[in-house]
Amino acid sequence: MEEADLFYRQLPKVELHAHLNGSVSFSTIEKLVARKPHLNIEHGMTAIRSGQRRTLDECFQVLKVIHQLVDTEEDILMVAKDVIREFAADGVKYLELRSTPRKEKTTGMTKRRYVETVIEAIRQCKNEGVDIEVRFLVAVDRRNGAEVAMETVKLAEDFMLSTGGLVVGLDLSGDPTVGHGRDLLPALQKAKNCGLKLSLHLSEVPSQADESELLLNIPPDRIGHGTFLHPEVGGSQSLVDKVRKHNTPLELCLTSNVKGQTVSSYSQHHFLYWYQMGHPSVICTDDKGVFCTDLSQEYQLAASTFNLSQEDMWTLSQKAIDCTFAPDLQQQLHQKWLELRPTLFQL
Ligand SMILES: CNc1ncnc2c1ncn2[C@@H]1O[C@H](COP(=O)(O)O)[C@@H](O)[C@H]1O
Ligand SMILES: [Zn+2]
């Protein structure tokens with residue numbers, strides 16, 4: 001392994017934006033395919049390799065293929081445990097996973113059981129001594145509308161209260177070209193009021209300025225992507241001001257945006273805009289399986305693209321601790337970072 005690779009792998013990291021089914025690795029896909037040969041799914045259908053580009057719409061098709069492969073309780077348990085172990089092996093010390101409980105008829109289990117299964121995976125990894133803290137965000141898929149969103153919020157609230165703090169929040173995701181955030185506002189507001197933290201995908205595609213304006217008024221606790229918020233790309237100063245006023249951290253996923261073609265190249269990524277402003281910006285993977293990446297690679301890409309030093313990247317990873325939805329763990333994580341620092345900078 002090259003020295004730079006080793007540095008980014010050993011760098012302790014925080015992952016805040018990872019969709020469970022988008023994070024399924026090649027080796028887990030192989031196990032799933034072996035369980036379901038009749039589906040005739042090949043790996044080319046579940047991932048977008050280096051140098052390949054897809055439209056965002058095609059990315060959602062890929063996620064649908066993965067959903068076909070991950071459709072029983074055993075699958076979900078295996079996938080969640082594999083994903084957690086892989087993040088841990090990549091040097092992630094704190095992970096916030098998010099996933100959408102699917103309709104009972106597509107998985108044979110209730111949405112409640114779906115969430116319980118992911119929680120079980122988190123608990124099993126903890127008992128096995130995997131060196132990572134994991135928290136969970138229940139995801140609302142915007143394509144399913146207001147009523148399902150409200151049900152999901154209730155489910156998330158129940159789990160927040162019954163899991164001793166493992167469920168910390170709610171994610172809003174799904175195809176950004178479908179539906180309007182306005183309809184989901186009551187559900188999101190309710191989530192916020194009952195103490196769930198909110199991470200919302202905002203302005204992932206152009207022409208969502210109105211929706212973003214509305215959703216930023218809630219306000220969310222973190223923003224996923226925010227690709228088109230700033231004026232240079234069709235957003236507006238008023239959107240930027242809102243984000244700045246609340247100091248709302250952004251979850252930035254370089255490879256996801258480049259492969260999904262909402263950003264034309266790494267050097268054009270809006271990471272630079274926010275980072276230069278000193279705004280809290282957290283590098284994340286989004287869907288490490290689909291986009292064939294991992295968090296160390298994303299850190300390394302940001303460093304090489306924007307000419308940042310290892311020291312800069314250290315600071316970026318350390319600051320991400322303050323953006324987690326687990327305030328009870330932040331002090332302990334800072335301590336861990338301080339303990340690990342000497343070994344890293346001796347390389
Ligand atoms: C690429 N950009 C993206 N934009 C918006 N939503 C995305 C996404 N990538 C993934 N998801 C959301 O995560 C689900 C898959 O994981 P789970 O089944 O929930 O674990 C997708 O169906 C979509 O709702
Ligand atoms: Zn996402």
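Remember, it's 1-based here, ligands and their atoms both numbered in the order they're listed.
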Checklist line | Carboxylate-amine/guanidinium proximity below 4.0 Å for Glu104 and Arg113 | finding: no
Note to self: I want to know if ligand 1 touches Gly174 in the polar sense, i.e. an N/O pair below 3.5 angstrom.
What the structure shows: yes
Notebook entry, point to check: For Asp286, what is the atom name of its N, O or S atom nearest to the Zn ion (ligand 2)?
Noted result: OD1
Next item on the list: Could you tell me if any non-hydrogen atom of Arg143 lies under 4.0 Å from any atom of ligand 1?
Entry: yes
Check: Between Glu133 and Lys126, is there a side-chain N and carboxylate O pair less than 4.0 Å apart?
Finding: yes
Notebook entry, point to check: Checking side-chain hydrogen bond (donor to acceptor under 3.5 Å, both in side chains) for the pair Ser199/Glu251: CA distance, chi angles, key distance, verdict?
Noted result: CA-CA 9 Å; Ser199 169; Glu251 304 154 358; 2.9 Å; yes
Notebook entry, point to check: Centre of Phe345's six-membered ring, under 6.0 Å away, within 45 degrees of the axis: is that where NZ or CZ of Arg341 sits?
Noted result: yes
Check: Does an N or O from His225, backbone or side chain, lie closer than 3.5 Å to an N or O of ligand 1?
Finding: no
Checklist line | Part of Lys64 within contact of ligand 1 (heavy atoms, under 4.0 Å) | finding: neither
Notebook entry, point to check: Strictly under 2.8 Å, is any N, O or S atom of His225 next to the Zn ion (ligand 2)?
Noted result: no
Item checked: Inter-residue atom distance Leu137.CG - Thr100.OG1, 0.5 Å rounding -> 11.0 Å
Note to self: What protein heavy atom lies closest to atom 13 (O) of ligand 1? Include the residue and the distance to one decimal.
What the structure shows: His19 ND1, 3.1 Å
Next item on the list: Would you mind naming the N, O or S atom of His201 nearest to the Zn ion (ligand 2)?
Entry: NE2
Check: Does a salt bridge link Lys111 with Glu116, judged by any charged N lying under 4.0 Å from a carboxylate O?
Finding: no
Note to self: Checking a contact table here: which protein heavy atom is nearest atom 3 (C) of ligand 1, and how many Å away?
What the structure shows: Glu204 OE2, 3.3 Å
Next item on the list: With the Zn ion (ligand 2) as the reference point, give the N/O/S atom of His17 that is nearest.
Entry: NE2
Next item on the list: Can you sort out which atoms of ligand 1 are near Asn21, meaning under 4.0 Å from one of its heavy atoms?
Entry: 16 (O), 17 (P), 18 (O), 20 (O)
Next item on the list: Around atom 18 (O) of ligand 1, find the nearest protein heavy atom and jot down its residue, atom name and distance.
Entry: His67 NE2, 2.6 Å
Checklist line | Electrostatic pair Arg85:Asp82 at N-O distance under 4.0 angstrom | finding: yes
Item checked: Nearest heavy atoms of Tyr94 and Ile132, plus distance in Å -> N-CG1, 4.2 Å
Next item on the list: Enter the distance from Thr293:OG1 to Ile48:CD1 here, rounded to the nearest 0.5 Å.
Entry: 12.0 Å
Item checked: Proximal ligand 1 atoms for Asp286, defined as those under 4.0 Å from one of its heavy atoms -> 1 (C), 2 (N)
Checklist line | Atoms of ligand 1, numbered as shown, that sit under 4.0 Å from any heavy atom of Leu63 | finding: 9 (N), 10 (C), 15 (C), 21 (C)
Checklist line | Arg102 touching ligand 1 at heavy-atom level, < 4.0 angstrom | finding: no
Margin query: When you compare ligand 1 with Asp287, is there at least one nitrogen or oxygen pair between them that comes in under 3.5 angstrom?
Written below: yes
Margin query: Show me which atoms of ligand 1 lie under 4.0 Å from any heavy atom of Leu20.
Written below: 20 (O)
Checklist line | Distance, nearest 0.5 Å, that separates OH of Tyr299 from OG1 of Thr285 | finding: 10.5 Å
Checklist line | Smallest separation among heavy atoms of Leu215 and Gly181, with atom names | finding: CD2-O, 4.0 Å
Note to self: For atom 19 (O) of ligand 1, what's the nearest protein heavy-atom neighbour? Residue, atom name and distance, please.
What the structure shows: Thr100 OG1, 2.5 Å
Note to self: For atom 20 (O) of ligand 1, what's the nearest protein heavy-atom neighbour? Residue, atom name and distance, please.
What the structure shows: Ser99 OG, 2.7 Å
Note to self: the Zn ion (ligand 2) and Cys253: any N/O/S contact shorter than 2.8 Å?
What the structure shows: no
Next item on the list: Over 60° means perpendicular and under 30° means parallel, so classify the ring planes of His230 and Trp274, tilted if in between.
Entry: perpendicular
